[in-house]
Amino acid sequence: MTTTTPFVDLGTEEVLLDVIDCVATLTLNRPAKLNAVTSRMSAAIVHAIGWCDRSDSVRAIVVTGAGDRAFSAGSDIAELDRYATPWDFRNRTDYCDAIRAARTPTIAAVNGYALGGGLETALSCDIRIASSTASFGAPEIKLGWIGGGGMTSFLTRAIGPSNTAYMTMTGDRIDADRALGWHLVSEVTEPSGLISRAWEIAATIASRAPIAAETAKINLRAAYSMSEDKALEYERDLQTICFATEDAAEGRRAFAEKRDPVFRRR
Ligand code: COA
């Protein structure tokens, strides 16, 4: 097993990026403030995701929070007073956009509170798993506003309109069991097993053909942003692109030779 920890200067210690084998772990590291995201952290997240996408060796990204209380309690509320105008606020860097735009597959390991922007961060990842102590909420309504990082769009797709209305209109949290029942997360683990399970899923994705994994991600987005007939056509185009890769030829060869394939992102 090769281990590499890249030197990536993210400009703050409050976001950490580690790479082991082909799996990057992006950790929101501000546990005393429940990993609430400042603008500096937001810039670091954008930088980290860009670094992972540009790295040929990173095949999956696990996103998690430091400490045992929070994944993230959302945007730093104290900092919101510092925007000079609502337009400055409107045009701030959105860390959720960056995570959602990642070419690399992403897995949220939700280890505690996932609130506001924290929930949107999890929703921006491709796969979500949670510890049994996690809770999820859209508490902005309690402060006088609503989420703006994709809360309603992505929550609706995950849990349906009635459950979304419940969360966004009451602001009340739901626990991990209910999140599982509502299909907000794919799995619930014991707290001690969460990160290793997220790494296990990431390692499995990392072992697959990278172009196919990234294309599966593009296809997933197409499935819910295009009309059904266009999405189906697009899926066939994406399938053909994958089919034309050296990795697909290697996959078929390895199958015939009864060995594990060696994929090279070609
Ligand atoms: N922004 C900035 N600071 C935050 C924060 C946020 N979103 N969420 C928590 N914190 C800070 C608290 O101010 C506190 O800091 P302090 O110790 O310097 O006073 C620290 O994190 C711990 O939080 P605390 O409120 O003391 O913990 P708690 O267990 O009593 O309550 C929560 C936990 C999550 C219920 C509560 O912190 C909360 O409601 N946070 C806001 C969540 C939210 O509205 N998010 C959407 C933001 S748009």
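In listed order, ligands and their atoms are each counted from 1.
- Within ligand 1, the atoms closer than 4.0 Å to a non-hydrogen atom of R173 are 35 (C), numbered from 1 in the order shown.
- Of all protein heavy atoms, the one lying nearest to atom 48 (S) of ligand 1 is W145 CZ2, 3.8 Å.
- Both F71 and M151 are members of a single hydrophobic cluster when ILVMFWY side chains are connected at heavy-atom separations under 4.5 Å.
- By the definition of a contact as any protein heavy atom under 4.0 Å away, atom 24 (P) of ligand 1 is not in contact.
- Considering each of S75, G74, G112, the one bringing a non-hydrogen atom nearest atom 7 (N) of ligand 1 is S75.
- Atom 28 (P) of ligand 1 lies below 4.0 Å from at least one non-hydrogen atom of the protein.
- Remark: the S227 side chain and the D229 side chain contain an N/O donor-acceptor pair separated by less than 3.5 Å.
- The residue among I77, L115, N35 with a heavy atom at the shortest distance from atom 34 (C) of ligand 1 is L115.
- Atom 20 (C) of ligand 1 has as its closest protein heavy atom A32 O, 3.3 Å.
- Between the side chains of S131 and N111, no donor-acceptor pair of N or O atoms lies under 3.5 Å.
- Within ligand 1, counting atoms from 1 as listed, the ones closer than 4.0 Å to a heavy atom of D76 are 1 (N), 2 (C).
- There is a protein heavy atom closer than 4.0 angstrom to atom 9 (C) of ligand 1.
- Atoms of ligand 1 lying under 4.0 Å from any heavy atom of L143, numbered from 1 in the order shown and given with element: 44 (O).
- Cluster membership for V63 and W51, using ILVMFWY side-chain heavy atoms within less than 4.5 angstrom, is shared.
- Ranking the protein heavy atoms by distance from atom 15 (O) of ligand 1 puts K33 NZ, 3.4 Å first.
- Here the heavy atom of the protein found nearest to atom 30 (O) of ligand 1 is R69 NH2, 4.9 Å.
- Counting only N and O atoms by type, the side chains of E235 and N219 include a donor and acceptor under 3.5 Å apart.
- Using a 4.0 Å threshold on non-hydrogen atoms, atom 2 (C) of ligand 1 counts as touching the protein.
- Using a 4.5 Å heavy-atom threshold, the side chains of E120 and Y95 count as separate.
- Here the shortest heavy-atom pairing between R221 and S124 reads NH2-O, 4.0 Å.
- Looking only at protein heavy atoms, the nearest one to atom 36 (C) of ligand 1 is L34 CD1, 4.5 Å.
- Nearest to atom 44 (O) of ligand 1 by heavy atom, out of A138, A78, P139, P31, is P139.
- Note that atom 38 (C) of ligand 1 has no protein non-hydrogen atoms nearby, at separations under 4.0 angstrom.
- Between S135 and R173 the shortest heavy-atom distance is OG-CD, 3.5 Å.
- The hydrophobic cluster containing F154 also contains Y166, counting ILVMFWY residues as joined when their side-chain heavy atoms lie under 4.5 angstrom apart, directly or transitively.
- Distances from atom 45 (N) of ligand 1 to the heavy atoms of A36, A73, G148 show the closest one on A73.
- For the residue pair T106 and C125, the shortest heavy atom distance occurs at OG1-CA, 3.2 Å.
- A salt bridge links R100 to D97: one of the charged nitrogens lies within less than 4.0 Å of a carboxylate oxygen.
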